[in-house]
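Reminder, nothing fancy here: chain letters follow the sequence lines and each chain counts from 1.
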2 protein chains.
Amino acid sequence: MRMSALSATTEVPVATIKYYLREGLLARGDLSAPNQAAYGEAHVRRLRLIRALIEVGGIGIAGARSVLAAIDSDMPTEQTFGIAQLTVSEQIDPADLDPNFLDRVDTALEGWHVSPQNPGRLAAARALMAISAAGQDDLRGWVRRYTEAALLVASADLDEVDAREDRQEKAELVVVGTALGDALFSGLRRAAQEHVSAERYFQGTAARTDGPSNATSAASSHRDSQEES
Amino acid sequence: MRMSALSATTEVPVATIKYYLREGLLARGDLSAPNQAAYGEAHVRRLRLIRALIEVGGIGIAGARSVLAAIDSDMPTEQTFGIAQLTVSEQIDPADLDPNFLDRVDTALEGWHVSPQNPGRLAAARALMAISAAGQDDLRGWVRRYTEAALLVASADLDEVDAREDRQEKAELVVVGTALGDALFSGLRRAAQEHVSAERYFQGTAARTDGPSNATSAASSHRDSQEES
DNA sequence: TATGATGGATAGCCGTACTATCCGATAGTT
DNA sequence: AACTATCGGATAGTACGGCTATCCATCATA
């Protein structure tokens with residue numbers, strides 16, 4: 001399989017494949033001559049993985065490089081988790097994190113085994129800080145309820161990983177789950193918001209695919225315009 | 001309050017404030033002369049909101065403009081939800097979405113009131129498609145468990161919004177919750193992953209802040225290097 | 001009336017993710 | 001053997017997003 005065939009089967013432009021080769025995301029094909037390389041199924045798989053991570057996972061080229069390296073290495077699954085987490089969460093300097101919000105997070109996480117450096121802990125604190133800075137501070141049990149949901153999701157994640165035998169398979173699932181699980185969850189969350197909203201304020205109307213009772217999807221027009229003192 | 005004071009209290013560079021003014025994210029101050037403008041508390045609040053949306057929420061300038069316009073308008077809360085959802089979820093063309101994955105999502109969402117155009121439904125389908133393309137297909141109850149967690153989170157969201165009186169407050173919470181809730185949740189999810197992992201494989205070690213039993217945060221070295229046929 | 005800050009307009013910068021062009025080597029056809 | 005299309009690789013260019021820097025006339029203050 002030459003590069004153009006690889007391009008055709010994956011729908012990734014040749015120029016982009018060359019770019020990934022340059023960036024070290026994709027291994028070069030077997031050279032039978034200085035300008036004839038052979039690519040195989042492994043390359044197809046890898047290329048699809050790269051696209052998924054970058055396009056949907058939103059992890060950049062550098063991030064893709066680091067998680068792919070983790071998959072290809074022989075490190076244990078927990079360490080792969082760590083790298084995947086570090087990669088998807090952009091780096092946060094604990095220094096510019098108000099300790100109050102770290103405390104709030106730690107309170108919500110009471111009893112959990114989470115290291116202080118866990119990227120998620122820091123990210124959660126930063127999110128809370130931003131929410132508070134944006135003027136929303138009185139959040140009652142909101143955070144705690146999020147925490148419970150997060151526990152469910154994390155259990156599902158780990159169960160799924162545990163179900164695999166091969167360490168390569170495990171590693172790939174860890175990376176894919178970490179990078180794309182966020183996207184999946186937020187999609188489902190938005191769907192759930194519409195559902196709950198519909199149930200509460202328009203309850204009684206029939207289920208999906210029919211009603212014009214679409215609570216949250218009513219957006220249109222109303223763009224721009226913004227004044228204030 | 002002049003622009004430099006606004007800059008000082010919010011820690012946003014003057015040049016950046018000017019940029020936001022140009023982009024219509026922030027209203028101009030009251031001009032007492034062609035080069036003397038007065039800014040007030042409302043501007044401080046708004047500026048902090050903008051920073052939170054852009055820095056943490058990852059919503060771009062254009063996205064910020066559209067949700068801010070929604071806040072400032074007098075549209076009903078459900079419509080604000082719709083706009084916030086459209087804004088945080090990047091547009092997906094249903095055409096390049098394999099119907100099989102939409103079906104899978106719809107199966108997981110069975111019995112819910114969700115319109116076919118709901119951005120979350122489409123985003124979830126795309127995430128599933130990417131996960132499958134990345135070679136992870138056999139996901140048993142994973143999606144369903146995510147769905148259950150999403151329902152919890154959405155209920156928490158709606159409860160919180162319902163607790164507000166003022167429509168402006170409601171609208172701001174909708175926007176902030178939609179844009180920053182994802183960040184909060186994924187942070188908590190990562191923390192939960194470490195917790196569950198620790199409980200399962202190192203169970204018995206004491207709670208946070210102590211043990212070296214940090215399952216997922218062990219990442220380090222092991223960067224780069226990647227070969228394959 | 002001199003000094004420095006102010007607001008606004010314009011142009012430039014930087015990083016990221018590609019994309020386009022060129023080139024000499026090779027493969028397949030005749 | 002000649003010709004043409006295609007190949008892999010190197011290099012340079014592009015598009016966009018989010019700022020950042022410079023300029024300038026105007027103003028507050030001393």
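- Rounded to an integer number of Å, the gap from B:Glu23 CD to D:dC19 P is 10 Å.
- Rounding to the nearest 0.5 angstrom, the gap separating the CD1 atom in A:Ile61 from the CD1 atom in A:Ile54 is 3.5 Å.
- Counting only residues at least two apart or in different chains, salt bridge (charged side-chain N to carboxylate O under 4.0 Å, His left out) contacts with residues 173-187 of chain A comprise A:Asp182-B:Arg189, A:Asp182-B:Arg190.
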Polar pairs (N or O, both sides) under 3.5 Å between protein and nucleotides 6-9 of chain D?
unit_1 : atom_1 : unit_2  : atom_2 : d
D:dC7  : OP1    : A:Ser4  : OG     : 2.4
D:dC7  : O2     : A:Asn35 : ND2    : 3.0
D:dG8  : OP1    : A:Met3  : N      : 3.0
D:dG8  : OP1    : A:Ala37 : O      : 3.4
D:dG8  : O4'    : A:Asn35 : O      : 3.3
D:dG9  : N7     : A:Lys18 : NZ     : 2.9
D:dG9  : O6     : A:Lys18 : NZ     : 3.0

Please write out the pairs of protein N or O atoms and N or O atoms of nucleotides 11-13 of chain D separated by less than 3.5 Å, giving the distance to one decimal.
none

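- Each salt bridge (charged side-chain N to carboxylate O under 4.0 Å, His left out) pair with one or both residues in residues 8-22 of chain B, not counting sequence neighbours, would appear here, but there are none.
- Rounded to the nearest 0.5 angstrom, B:Leu49 CG and A:Ile131 CD1 are separated by 11.5 Å.
- Whole-Å rounding puts the B:Leu26 CG to D:dC19 C1' distance at 15 Å.
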Review item, side-chain donor-acceptor pairs of residues 95-104 of chain A, under 3.5 Å, at least two apart:
unit_1   : atom_1 : unit_2   : atom_2 : d
A:Asp98  : OD1    : A:Asn100 : N      : 2.8
A:Arg104 : NH2    : A:Asp137 : OD1    : 2.9

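- Atom CD1 of B:Ile17 and atom P of D:dA21 are 15 Å apart (whole Å).
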Evaluate A:Asp72 against A:Arg46 for side-chain contact (heavy atoms from CB on, under 4.5 Å), listing each step before the verdict.
CA-CA 11 Å; A:Asp72 292 334; A:Arg46 174 54 58 101; 2.7 Å; yes

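- Looking at B:Arg65, its side chain does come within 3.5 Å of a backbone N or O of B:Glu23 through a donor-acceptor pair.
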All N/O pairs under 3.5 Å across the protein-nucleotides 16-18 of chain D interface:
unit_1 : atom_1 : unit_2  : atom_2 : d
D:dG18 : OP2    : B:Ile61 : N      : 3.4

Intermediate values then yes/no, side-chain contact (heavy atoms from CB on, under 4.5 Å), A:Thr10 and A:His43
CA-CA 10 Å; A:Thr10 57; A:His43 289 90; over 6 Å; no

B:Gln117 and A:Glu194: CA distance, side-chain angles, deciding distance, side-chain contact (heavy atoms from CB on, under 4.5 Å) verdict:
CA-CA 11 Å; B:Gln117 293 77 38; A:Glu194 183 182 332; over 6 Å; no

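- Ring geometry for A:Trp142 versus A:Tyr146: interplanar angle of 30 to 60°, hence tilted.
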